[in-house]
Amino acid sequence: MLSHWIENGAVAEAGAVGIEVLDPASEERLETMPEGVAMVDAAVASARRAQPRWGSLSPTQRKDLLLDAAVHLEGHADPIIDAFVAENGKPRREAAAEVRFAAGVLRSFAELAVHARTGVQGAAAGNLVFQHRVPRGVCACIVPWNFPIAIAMENLAPNLAMGNTVVLKPSEKTPMATRLLVEAAFGHLPPGVVNVLLGSGPTGAALVGHYDVDLVVFVGSERTGRSIGGVCGPLLRKVVLELGGKDPLIVDETVDLGAAARLAAATTYANAGQICTSTERIYVQRSVFEQFVEEMERVSAAQRIGPGRDPATTMGPLIDELQLEKVASQVEDAVKLGAELHCGGYRLDRRGYFYPPTILTGVTDGMLLMQEETFGPIAPLIPFDDFEEALALANASRYGLAAIVCTTSPLRAMAAIERLEAGMVKINTTRGKAEGGTSEPFKSSGIGHGYGMEILGEVTRQKSIHWRSQL
Ligand code: NAD
């Protein structure tokens with residue numbers, strides 16, 4: 001059974017309820033891990049004990065230690081990538097890229113924190129009024145399985161760089177790579193600065209509500225986010241929530257349809273559609289609709305589905321049976337209500353949670369597929385007549401994470417930037433988070449800045465200091 005990592009030591013939990021970790025490509029058991037509710041106190045106490053000293057180091061001292069951590073991470077990349085591919089299923093080159101990205105994130109925040117300035121206000125002679133930034137204390141980081149390494153590091157790095165200590169709870173579906181990463185990268189930090197608490201929802205809930213946690217940074221589903229918000233609200237506990245989406249993509253008649261279809265396929269099928277900013281609704285101008293459907297069919301057929309460890313694979317399995325059932329039931333619901341399938345729409349007849357690229361037309365707003373986050377490789381194509389209508393359709397969702405617009409018209413691009421209710425608006429590109437980019441999600445997609453430089457503000461407090469040279 002996997003062990004927790006507390007006070008820089010592996011902590012086995014005898015007698016804990018064991019949760020199975022499965023290989024999504026074979027459905028075989030890889031590991032078991034404990035449901036760590038009973039260890040929440042120990043993990044938080046460890047982080048609390050370590051925080052005053054860690055928080056009082058200079059940013060440069062912390063930077064040096066974190067830059068060393070990035071080197072350690074790269075030096076131990078192979079076993080981390082192997083565990084990652086086994087438990088998550090994504091193609092190996094993507095897992096390897098994620099580990100490299102995580103090392104880069106660590107370096108960026110280590111450097112950024114050294115240069116994070118606060119302001120001075122004008123004041124009368126003999127007076128100083130300035131802002132002083134202090135760490136918040138102990139941060140509970142709760143992360144999902146779809147980018148387990150990247151997201152864990154995007155939460156760990158700013159907290160550590162700014163002087164917080166962390167209790168990290170990875171997803172119960174992908175604990176193995178994270179557990180290896182933390183021991184390899186952060187084992188040289190003072191004991192208790194980084195702790196890994198293993199477990200599922202009940203462990204996460206106990207951690208969020210623990211009396212000695214100062215800040216919660218959560219990345220995951222809307223449902224869990226609402227539950228965490230419900231715990232943090234009455235406790236008046238600072239919380240950052242980065243949740244789900246139902247991203248629209250608008251294709252107008254002015255663009256190269258082959259290029260637009262390649263972009264649509266990339267953003268719909270990457271990570272088997274299991275990205276918070278996956279495209280889940282594709283609105284296409286009616287004059288080019290039929291042609292676009294054909295282009296989408298062509299690019300969809302080029303996907304190679306298989307286990308992540310096969311170098312030919314471009315699309316791995318869905319994460320588990322539950323996720324596969326959710327995707328399949330949304331497609332079945334749409335077909336039952338009159339949607340037409342152009343490809344896919346069935347579970348592959350082999351072991352593993354494989355679901356192929358699926359294109360649907362004739363979908364309507366009432367279908368589950370158009371309302372709920374799908375998190376699968378499903379492309380519903382919907383025609384629109386004019387751009388105003390497309391913007392209204394794109395905004396007709398309770399989510400507001402990101403949106404893409406393909407157009408050659410600067411006027412339409414500007415209208416989209418100004419009026420789409422989404423934290424990220426991408427024109428003619430799929431690239432979401434440029435390094436340093438940040439956004440606050442709209443509507444049910446979350447609150448606060450989970451990424452970019454602005455997260456430094458979320459994980460610290462600013463005091464305003466009023467100082468007169470004498471009484
Ligand atoms: P999830 O909400 O089921 O689980 C996320 C984490 O929360 C896991 O570690 C889980 O154990 C824990 N958890 C579950 N119940 C809890 C509770 N009551 N209290 C505290 N913790 C609890 O999400 P998931 O299925 O792991 O991830 C997929 C979701 O994450 C999708 O909705 C996706 O859009 C979203 N996501 C968002 C972003 C973003 O940046 N906005 C990035 C990646 C994924």
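Order of appearance sets the numbers: ligands from 1, and atoms from 1 within every ligand. It should be emphasised that the depicted structure is a prediction, and the values quoted were computed from it without experimental measurement.
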Handout entry: Geometric cation-pi criterion, R107 with F109: 6.0 Å, 45°
Key =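 No, R107 does not lie over the aromatic ring of F109.
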Evaluating non-hydrogen atoms only, which member of [options] is closest to [atom]?
{"atom": "atom 35 (C) of ligand 1", "options": "G244, S227, G220", "result": "G220"}
{"atom": "atom 22 (C) of ligand 1", "options": "T224, L243, N271", "result": "T224"}
{"atom": "atom 21 (N) of ligand 1", "options": "S445, G423, G204, A140", "result": "G204"}

Handout entry: R351/D23 under salt bridge (charged side-chain N to carboxylate O under 4.0 Å, His left out): CA gap, chis, key distance, verdict
Key = CA-CA 10 Å; R351 276 186 82 76; D23 176 346; over 6 Å; no
Exercise for the section: Would you check if L112 and M453 make a side-chain contact, meaning some heavy-atom pair closer than 4.5 Å? Expected result: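 When only atoms from C-beta onward are counted, M453 and L112 do touch, with a gap below 4.5 Å.
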Problem - Contact list for residues 5-14, test salt bridge (charged side-chain N to carboxylate O under 4.0 Å, His left out), sequence neighbours left out - result: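 Those involving residues 5-14 are E7-R49.
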Practice task
Would you mind telling me which of I319, T313, N146, N271 makes a side chain to side chain contact (heavy atoms under 4.5 Å, CB included) with K90?
Solution key: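 Checked I319, T313, N146, N271 against K90; only one passes side chain to side chain contact (heavy atoms under 4.5 Å, CB included): N271.
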Quick check: [X] and ligand 1, any N/O pair under 3.5 Å apart?
{"X": "V143", "answer": "yes"}
{"X": "W145", "answer": "yes"}
{"X": "E222", "answer": "no"}

Ion pair present between [X] and [Y], side-chain N to carboxylate O less than 4.0 angstrom?
{"X": "K246", "Y": "E372", "answer": "no"}
{"X": "R100", "Y": "E74", "answer": "no"}
{"X": "D214", "Y": "R237", "answer": "no"}
{"X": "K336", "Y": "E332", "answer": "no"}

Run the numbers for me: atoms of ligand 1, each under 4.0 Å from some heavy atom of [X], listed by number.
{"X": "Y451", "value": "39 (C), 40 (O), 42 (C)"}
{"X": "G201", "value": "11 (O), 13 (N), 14 (C), 15 (N), 16 (C), 17 (C), 19 (N), 22 (C)"}
{"X": "P144", "value": "24 (P), 26 (O), 27 (O), 43 (C), 44 (C)"}
{"X": "N146", "value": "43 (C), 44 (C)"}
{"X": "P170", "value": "9 (O)"}
{"X": "S171", "value": "9 (O)"}

So is [X] close enough to ligand 1, meaning a heavy atom under 4.0 angstrom away?
{"X": "S200", "value": "yes"}
{"X": "P441", "value": "no"}
{"X": "G446", "value": "no"}
{"X": "F375", "value": "yes"}

Considering only heavy atoms, does [X] approach ligand 1 within less than 4.0 Å through its side chain, its backbone, both, or neither?
{"X": "E373", "answer": "side chain"}
{"X": "F147", "answer": "neither"}
{"X": "I151", "answer": "side chain"}

Handout entry: E222 side-chain N/O to S444 backbone N/O, donor-acceptor pair under 3.5 Å
Key =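 Checked: no pair found.
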Problem - Donor-acceptor pair, side chain of R48 and main chain of D212, under 3.5 angstrom - result: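 Such a contact is found between R48 side chain and D212 backbone.
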Exercise for the section: State which residues pass salt bridge (charged side-chain N to carboxylate O under 4.0 Å, His left out) with R223; sequence neighbours excluded, sorted by chain then number. Expected result: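 R223 satisfies salt bridge (charged side-chain N to carboxylate O under 4.0 Å, His left out) with no other residue.
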